Each structure stands twice: as C-alpha cells, then as structure tokens.
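Working notes for the structure below.
Below, read A as the first sequence line, B as the second, and so on, with proteins coming before strands; counting in each chain starts at 1. Quantities reported herein were computed from a predicted structural model and do not represent experimental measurements.
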Protein chains: 2
Amino acid sequence: MPNINMKEQTISKYLKPIIRNYDQNPNKWFSTKFFAEKFNVHPSTVTEHFQSLSMLGLVEYKKYKGIKLTPHGIKQGQILMRKHRILEYFFSNELGLTCEEACKEASKIDIYISEKIIDKICTKLEHPRVCPCGHNIFHY
Amino acid sequence: MPNINMKEQTISKYLKPIIRNYDQNPNKWFSTKFFAEKFNVHPSTVTEHFQSLSMLGLVEYKKYKGIKLTPHGIKQGQILMRKHRILEYFFSNELGLTCEEACKEASKIDIYISEKIIDKICTKLEHPRVCPCGHNIFHY
DNA sequence: TATAAATTTTTGGTCAGACCAAAATTTCCA
DNA sequence: TGGAAATTTTGGTCTGACCAAAAATTTATA
C-alpha cells in the first residue's frame, strides 16, 4: 500500500535518474519495469513508490503508463542534481579525484548536504557551468 | 532483543558523545540514564543498543554499570570525530560559517563522507590542528 | 481483430530495526 | 538493611522497504 512517508533516500533514488538527462528528454514517461530492473526490485514495489511519489506531488502518475516529473519534482530534482554536480566539480577539480570517483563520492553525501553549503562552495569555485563529466550545473 | 545489525546512524549517535571529550575523560563509564535522557528514549531501548554496540566490539558493556569504548570503538570514534572536525574547519575557515553553523552542517554529512575525501580536504587545508571550537583534530 | 504475451496493479503479506511498557532484577544510600 | 532509583528482561508495536500471487490492462502478433 502506498505510503506518504517515503525516506529521502528512496525519493532521491527515483528523482536522480529522471532528472539526470532531463534536458535531453523532458517529456519522457518512466515505466515500472525501468526502475524494477534498475533497482533490482519487484515491479509491485515500484508501483507503490510511484503512488507515494505522486502523493508527495513530485511526479504525475498514470496507471499502466508510468511517471513523469511535476514542476515541483523538477525543482527538487534540479536542487539535488546541482548539489551532486557541484560536489563532483569540487572533488575532481579541487581535490584531484577522477570523474568516476568524484561521482561515487558525491552520491554518498549529495542528499544530506544543505543548499547553503553548496552555494558557498559554488561561489568559492566561481560558479562552474559544467561538472567534470560535462553535464550542466544549474544556477538559479 | 539486541540486534547485531545496528544502523550506522544509530552507532554514531552513541559514539559521538563519548569520543567528543575522550581526551579529558578516557575511563568514564556512560550510563543507560545518560543516553536515555540525551536521546529522549526509554532506558530499555538504550540497554538494547548497549548490547548491540558490545556485540559489534565497539564498547565494553557491564550490566548495571554502562558502557566504555573498546580500542576498536575509540578508533571508530576518532575517525568519525576527525571527519566532523575537518568539515567544521572547512565550513568555518573556508566558507565563512559560524562555529555553531559549521558544527550543525558537519553533523549532517560526517557519517556519510569517506575518509578519502576528508584526507584530501585535510591536505588542502594544510592539516589544521584544531577545529573552530578549539577541539583537537586527530592526525594518524 | 482476437488472443496470447508482456506489463502493471492489487492484495495480502514478511522483515529489519528502532522503540515502548510492565515486571523483575540489581545497585545505592539513608 | 530496606526502600528508592536505576537497569534489564520480556514481550510486544510501528514504519517503510520489499515480496508473491492473482487480477487487470496494454501491447504485439497471427
């Protein structure tokens, strides 16, 4: 049964892959199967999460079709992805990690770090425009 | 019943207050009551956690007396506290946060960030010896 | 275009791990 | 040394992620 109390970790797991290439494909619907395979869980689990994400106003959910970010979901996804990419930039350009390492390390903390810290780092690094792997970094 | 599978978050909750002033008081025993009041949970919950921490080899647990860190617990605590203080230093000295803010922000990510990143930041900051609140930063 | 295959949803569960409450035990100290 | 305070034991609850089978829907194909 769908639960309004999803963990931040679980929410982010869904938001990230959707927002990652959002620029390229803003109108794509994501299927149950897609996430079930990606996360190696049963489809019924994904359906539940879809319903929860929808109740949180983060996605539009159409039965048998899948999910798509709402404006609120886009916003939350962008905030998250910005954190991730600023961290990636910092880890690779300032601390000397490889792209891949930087991404892995960023993933460990991006959902926990505050926007305030990210903004300060961003300013200190003079507002980089792309992360080391070449993806855009959003600036509001 | 005690559970060997404690969450990292729960472990850290106990390790932190003990290691925080470890230098001043290395032989102190910490009581059930102390943590029950600190975390606002029932004493029976704390007893359970004491047993779990003990099974993990992080503390010595004496019934009706309390807990005390083992060498392994000290090591883990120091690793955690080093992460915390390096982050505090970075947030206050490089990003301009107040001591208090720096501590709060560090607490959000210190248990998730890797030692590798902390070591890199530490090198970049030229191995600071004390955090902004004046506590020692361990170097191994 | 009917029907078989693939996908998704519904329903009714399990399980981990933090937590609680009452009763039993132990310790402390007046 | 006996009662109060602290702790432990025992037997629970609850949340949130997850599963499995059956029902419903969509898609593909003959």
Side-chain angles (χ1 to χ4, degrees), chain A residues 1-18 27-70 73 76 80 107-108 110-112, chain B residues 1-18 27-70 73 76 80 107-108 110-112:
Chain A
M1 43 231 79
N3 189 342
I4 200 106
N5 303 309
M6 271 179 112
K7 296 240 151 147
E8 189 55 41
Q9 273 185 307
T10 309
I11 295 174
S12 310
K13 246 181 20 171
Y14 285 86
L15 253 38
K16 266 187 186 172
I18 305 181
N27 281 314
K28 190 171 168 188
W29 289 84
F30 289 79
S31 69
T32 302
K33 200 190 174 200
F34 174 80
F35 289 107
E37 282 173 356
K38 192 178 226 343
F39 302 149
N40 204 28
V41 295
H42 279 230
S44 51
T45 302
V46 176
T47 298
E48 244 180 77
H49 287 159
F50 279 6
Q51 291 163 345
S52 301
L53 288 165
S54 156
M55 290 194 301
L56 291 168
L58 291 164
V59 305
E60 187 185 346
Y61 168 51
K62 281 210 179 113
K63 272 195 185 184
Y64 298 102
K65 187 165 188 194
I67 56 168
K68 194 182 132 165
L69 295 180
T70 60
Q76 294 308 307
L80 181 60
S107 298
K108 290 182 191 164
D110 55 10
I111 79 167
Y112 303 107
Chain B
M1 42 229 79
N3 188 342
I4 200 107
N5 302 308
M6 272 180 111
K7 294 241 152 146
E8 188 56 40
Q9 273 183 307
T10 309
I11 295 173
S12 310
K13 246 179 25 168
Y14 285 85
L15 251 39
K16 267 187 186 174
I18 305 180
N27 281 315
K28 189 170 169 191
W29 288 83
F30 288 82
S31 71
T32 302
K33 200 188 174 202
F34 173 80
F35 289 108
E37 283 172 356
K38 190 180 228 341
F39 302 147
N40 204 30
V41 296
H42 279 230
S44 51
T45 302
V46 177
T47 299
E48 243 179 78
H49 287 159
F50 279 6
Q51 290 163 344
S52 300
L53 288 164
S54 155
M55 288 195 299
L56 290 169
L58 291 164
V59 305
E60 186 186 345
Y61 167 50
K62 281 212 178 112
K63 272 193 185 188
Y64 299 102
K65 187 163 188 199
I67 56 168
K68 192 182 136 168
L69 295 180
T70 59
Q76 293 307 307
L80 182 60
S107 298
K108 291 181 190 166
D110 55 10
I111 78 166
Y112 303 107

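For Asn5(A) and dT15(D), the shortest distance from a side-chain N or O to OP1 or OP2 is not below 4.0 Å. Contact annotation: Ser31(A) side-chain N/O to dT8(C) OP1/OP2 distance is under 4.0 Å.
In this structure, the ring of Phe39(B) has its center less than 6.0 angstrom from the ring center of Tyr14(B).
Nearest to the side chain of Ser44(B), among dG16(D), dC18(D), dA21(C), sits dA21(C). Side-chain atoms of Lys13(A) lie closest to dC18(D) of the nucleotides dC19(D), dC18(D), dT8(D). The nucleotide whose nearest atom lies closest to any side-chain atom of Thr10(A) is, among dG17(C), dC19(C), dA17(D), dA17(D). You'll find that the side chain of His42(A) is closest to dC19(D), out of dA17(D), dT7(D), dC19(D). In the set dC20(C), dA6(D), dT11(C), dA6(D) carries the atom at the smallest distance from any side-chain atom of Lys33(B). Listed nucleotides dT8(D), dC19(C), dT8(C) differ in distance to Thr45(B); the shortest reach to its side chain belongs to dC19(C). Candidate nucleotides dT8(C), dA21(D), dG12(C) were compared by shortest atom distance to the side chain of Glu48(A), and dG12(C) ranks first.
One interatomic measurement links the two molecules: CD of Gln9(B) to P of dG16(D), which rounds to 14 Å at whole-angstrom precision. With rounding to whole Å, Phe34(A) atom CZ is found 12 Å from dT8(C) atom P. Atoms NZ (Lys65(B)) and P (dT25(C)) sit 23 Å apart, rounded to a whole Å. A straight line from CZ of Phe50(A) to P of dT7(C) spans 14 Å, rounded to a whole angstrom. The CD atom of Glu8(B) sits 11 Å away from the P atom of dA18(C) (whole-angstrom rounding). Rounded to an integer number of Å, the gap from CD of Glu37(B) to C1' of dA5(D) is 12 Å. Taking atom CD1 of Ile67(B) as the reference point, atom C1' of dT8(D) lies 15 Å away to the nearest angstrom. Here the C1' atom of nucleotide dA5(C) and the OH atom of Tyr64(A) are 15 Å apart, to the nearest Å.
At a threshold of 4.0 angstrom between heavy atoms, the contacts of Tyr61(A) are confined to the sugar-phosphate backbone, with no base atom among them. Base engagement by Thr47(B) is indicated by at least one non-hydrogen atom pair under 4.0 Å involving a base atom.
Nearest approach of Pro17(A) to Ser12(A), heavy atoms of both residues: CD-O, 4.3 Å. Residues Trp29(B) and Glu60(B) approach most closely at CZ3-O, 3.7 Å, considering heavy atoms.
If Asn40(A) and Lys63(B) are placed on DNA chain D by their nearest nucleotide, the residue sitting closer to the 5' end is Lys63(B).
In this structure, Asp110(A) CG and Tyr112(B) OH are separated by 12.0 Å, a value rounded to the nearest 0.5 Å.
Heavy-atom neighbours of Lys7(B) NZ from other residues, nucleotides or ligands within 6.0 Å: at or below the threshold of 12.
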